[in-house]
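Below: one structure, written as structure tokens.
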Amino acid sequence: MSLLHFPAGFRWGTATSSFQIEGAAELRGDSIWDEFCRAPGAIADGSDGRVAVDHYHRYPQDVELMASLGIDTYRFSVSWPRVSDPDGSVNAAGLGFYDALVDALCAAGIRPWLTLYHWDLPAWLPGGWTNRATADAFADYALQVHDALGDRVRVWTTLNEPWCASFLSYAGGHHAPGHTDAAEAYASAHHLLLGHGLAVRALRAADPEATLGLTLNFTPAYPADPENPADLDAVRRIDGTAHRFFTDPVFRGAYPADVIADAGAAWPADLVRDGDLELIAAPIDVLGVNYYTSQLWRAGEPSPQPTPHPSATDGVVVDRPWLSRTDMGWEITPDAFRELLVGLHRDYTGPAGVRLAITENGAAIDDPDPASGPIDDQERIDYLREHLRAVHQAIEDGAAIDTYLVWSLIDNFEWAFGYTKRFGLVAVDGDLNRVPKASAGWYAELIRTGTLSLPDPS
Ligand code: IFM
């Protein structure tokens, strides 16, 4: 057995999002995800977020559970249609829920980490993110939430995974609003980033000491044949829209020229106005990294199916049958995680003096039903252990990483997969009771000791 010690002060926690856990949909306005769930066939099991895992009513118990595990940081998101009314005014009762949640977290000694946007856009905003006005509305909403919670919440993430909220949602059609239009995807991605920039400017002015950032999802792309120019070019294009479209304007103040060239006629005229890129590049303090897997790509024939990679319709994912997979079908590739973190620190965050935080990492495992007894989710533990080993290596290699948050605290609504995928350290039974899995105990011990135990290779 070897032991890896994490730096003193390293912060450990869990993450969730509003639509995935809260329920109590009757107490808030509709989001685009409520609408999407009503579209026939959109959600694998035909489910929705109306009850979810009832966190809205059970949050005291969930906070208590986190405290019992020794969790230091809890990343949650605010439901915009719960705290705002269609005329843009504050919904006091909705905001009151988060006020009480934050109070409970602080009383339990858990640091609240608030994400303003984790995809549940108010359904009443015309055009959603394709409309530039949504970016302004987002900044107004950000300030409203900050006015109420800023005295206790010191870490603010503007957006969670804007790639998913734009390309996956407006070009791939897999997420709400389920559109398949490349021009809409580019417009949404830019307006999301603009909303981020406007919110950072507003929050910074209101609260110069707050820690501000955004969270991006990374699925590193590798060429199937590194000698084949066509494969290399497919990877360049995938990496362009999935990653560089977001990292370059935030850290370098410009969209990558090759991505705009690849977009061709799908790039909307007059999308980027004077001053937009300065706003988007407003300095941040922390980059949230969400990581689950990496992919091998080759160039094939252009696909007629909608794809979230509008400039790489010829990209084909190549299976690596020698790798294990999670229940999402995602290959388990912790080495790519280390490489990603070191590369982000070298190319983007390090030069800007920005810290990295792992804001999501975790595994969907086909756990048994909690009714059949304790859940011994060794596969999840193995996944977490290997990915934490990668984080530790990246820190040793110089990456400035200070936080690790498991996705997720609790089994929840996994978007288009409904409740068929389980990412939680804690299961939920048919009566919505919370049932910690073996991984919860394992994580609690890791937090207690700050030390990762690696079994000797057999
Ligand atoms: O459940 C999601 C989360 O909402 C965003 N990041 C990826 C997770 C697993 O798919």
Side-chain angles (χ1 to χ4, degrees), residues 13-23 31-34 36-37 42-45 47-49 52-53 55 74-80 113-121 157-169 172 174-176 189 192 213-220 242-243 246 287-295 308 317 325-333 336-337 340 357-367 377 379-380 383-384 387 403-428 439:
T14 53
T16 63
S17 87
S18 44
F19 192 86
Q20 293 179 272
I21 65 165
E22 283 178 6
S31 78
I32 57 172
W33 269 94
D34 295 294
F36 192 61
C37 289
I43 309 298
D45 57 0
S47 64
D48 56 43
V53 295
H55 173 73
Y74 176 51
R75 173 178 177 251
F76 62 99
S77 76
V78 170
S79 162
W80 186 351
W113 179 314
L114 189 152
T115 298
L116 285 160
Y117 186 70
H118 198 126
W119 309 348
D120 39 0
L121 186 71
T157 291
T158 53
L159 307 174
N160 181 69
E161 302 185 356
W163 179 81
C164 293
S166 53
F167 289 96
L168 189 64
S169 304
H174 300 293
H175 278 189
L192 278 151
L214 85 170
T215 276
L216 302 176
N217 57 308
F218 294 91
T219 304
H243 309 131
F246 300 95
L287 174 67
V289 175
N290 290 358
Y291 178 85
Y292 293 89
T293 188
S294 64
Q295 286 175 328
V317 176
R325 291 168 183 258
T326 67
D327 196 38
M328 296 297 283
W330 297 343
E331 292 167 342
I332 301 180
T333 57
F337 192 19
L340 166 73
I358 313 309
T359 41
E360 288 182 24
N361 177 236
I365 303 295
D366 187 16
D367 300 316
D377 54 341
E379 283 174 79
R380 181 171 291 104
Y383 178 99
L384 295 174
H387 286 75
T403 304
Y404 177 88
L405 309 178
V406 174
W407 185 270
S408 181
L409 170 66
I410 191 164
D411 289 344
N412 59 49
F413 177 79
E414 178 54 25
W415 308 112
F417 295 90
Y419 297 94
T420 65
K421 304 293 175 192
R422 297 170 184 163
F423 279 89
L425 299 175
V426 174
V428 180
S439 56

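We count ligands from 1, going down the list as the structure has it; atoms in each ligand are counted the same way.
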Sorted by chain and residue number, the residues with a non-hydrogen atom under 4.0 Å of ligand 1 are Gln20, His118, Trp119, Asn160, Glu161, Tyr292, Trp330, Glu360, Trp407, Glu414, Trp415, Phe423
Do Tyr117 and Thr158 have side-chain heavy atoms sitting under 4.5 Å apart? no
Which of Tyr291, Tyr292, Tyr404 passes side-chain hydrogen bond (donor to acceptor under 3.5 Å, both in side chains) with Asn361? Answer is Tyr404
Could you check, using the six-membered ring where one of them is a Trp, whether His175 and Phe36 have ring centers closer than 6.0 angstrom? no
Nearest-0.5 Å distance that lies between atom CG in Asn160 and atom CG in Asn290: 5.5 Å
Could you walk me through whether Asp367 and Arg380 pass the salt bridge (charged side-chain N to carboxylate O under 4.0 Å, His left out) check? CA-CA 9 Å; Asp367 300 316; Arg380 181 171 291 104; 3.1 Å; yes
Check: Ser31/Trp80 side-chain N/O donor and acceptor closer than 3.5 Å: no
